[in-house]
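Beneath this line is the structure, given in structure tokens, with notes to follow.
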Amino acid sequence: MIDNKNLLLRNLWYYALPSCLLKPGKMVARIFLGEPVLLMRSQDGKVSAVRDICPHRAVPLSCGRFDGQEVECCYHGWRFDPAGHCVTIPSLLPEQDTDLSRFDVQSYPIHETQGNIWIYMSDGDKSQANASEMEVPIVPGFAAEQQPQLVEVMRFPCFIDHAVTGLMDPAHSPYVHRVWWWRSGELHEEVKQFDPSPYGFTVRRHKLSENMENMSRLYWLVGGGIPEVEISFRLPGVRIEEITFGKHRLCNLTAVTPISDTETEVNFVLYGMPSWLTVFKPLIHVLARKFLGQDRAVVEKQQIGLKYEPVLRLIKDSDMQAQWYYQLKREFARATSEKREFINPVKSVLLRWFA
Ligand code: FES
Ligand SMILES: [Fe+2]
């Protein structure tokens, strides 16, 4: 029996960093799933990642220097290349013939596309082989070189599950996001068709909800068409939303990465903003930050109650996506441990709720 409590999935691609936060010749230290990771971008633009602990006496490599090719530990100057190979130990005499490969640091598979850096967090065995089997999440219809027009990164003070289920929860909007430009205060019935999709599920394309009439009007004003939305979710916590209005196609990707059992990073990136709309970018940025901040504020309050480890009572149909998330996680963990193919537990279904 796989227990969901603080279960962190392995053998998956996690969102590491928006590309724009890692410049050529620079390094960035992060913690993913409780592991210290050093991300580096070489002068020629290639991103690599290694464990951020010197194998000699455990000083973080990020405390040292990166010259765009090798990282040098600040304590005794051991040097490592981007693949994690130990290439220099300055205190060794030439005749002290030592096999430097004994001091390599662990490296992580990295995939950079569409202005996003993804990292493959394995469970230790044959990580490189597994990484090639599992696809990196892609925002459909945009080239690999496409950079997002808006990037927002926010830390949520909670375990990944509460960030994911909070962000996909359809019933919280009237209470958490009560702002005029988003929606009115009244509740309306929502009916949506869901289908299984790779490692998750998709809300079939539909017109923007009645209760978001203000948002709809805004889209209509800027694009001259009634907006339609399709949203897909996949493990470990990646949500891609595609909004079409008039001849425009606006896409956003929200990816959630666990830092520890009590901290989660939420990354939000946006593509496809019509060029004339980019003048409003600072305003859109403020609004996106406010919106995500509202989700964070309520999750922060939730931590007060969660300390007492209450049983959470999920209902139908508005909590169905949260229930699927837990089922998907359990099935993924089981399939990985039994070394068999993942079987998607989600079935096509029509869900209805008031929101
Ligand atoms: S601790 Fe890094 S070189 Fe000694
Ligand atoms: Fe929300």
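One-based numbering, in listed order, for ligands and for the atoms of each. Quantities reported herein were computed from a predicted structural model and do not represent experimental measurements. Note that these values count all heavy atoms, side chains included, but never hydrogens, waters or copies made by symmetry.
Of the residues listed (E228, E190, E230), the one engaging K207 in a salt bridge (Lys or Arg N to Asp or Glu O under 4.0 Å) is E228, and it is the only one. Of the listed residues (Y120, F32, W118), just one forms a ring-ring contact (aromatic ring centres under 6.0 Å, His included) with W13, and that residue is Y120.
The name of the N, O or S atom in H76 nearest to atom 4 (Fe) of ligand 1 is ND1. Of all the N, O or S atoms in H172, the one closest to the Fe ion (ligand 2) is NE2.
No hydrogens or angles considered: a donor-acceptor pair under 3.5 Å links the side chains of Y15 and N116.
Nearest protein heavy-atom neighbour of atom 1 (S) of ligand 1: R57 N, 3.3 Å.
Taking backbone and side chain together, D295 holds an N, O or S atom under 2.8 Å from the Fe ion (ligand 2). With a cut-off of 2.8 Å, atom 2 (Fe) of ligand 1 has an N, O or S atom of C73 in range. At a cut-off of 2.8 Å, H56 is counted among the residues with an N, O or S atom near atom 4 (Fe) of ligand 1.
The two residues G166 and H172 come nearest to each other via the heavy atoms O-CE1, 3.5 Å. Closest of all the heavy-atom pairs between D317 and L351 is OD2-CA, 3.5 Å.
Numbered from 1 in the order shown, with element, the atoms of ligand 1 that lie under 4.0 Å from a heavy atom of C54 read 1 (S), 2 (Fe), 3 (S).
Ion pairing of R313 with D319 is absent here, as no side-chain N (NZ or NE/NH1/NH2) approaches a carboxylate O to less than 4.0 Å.
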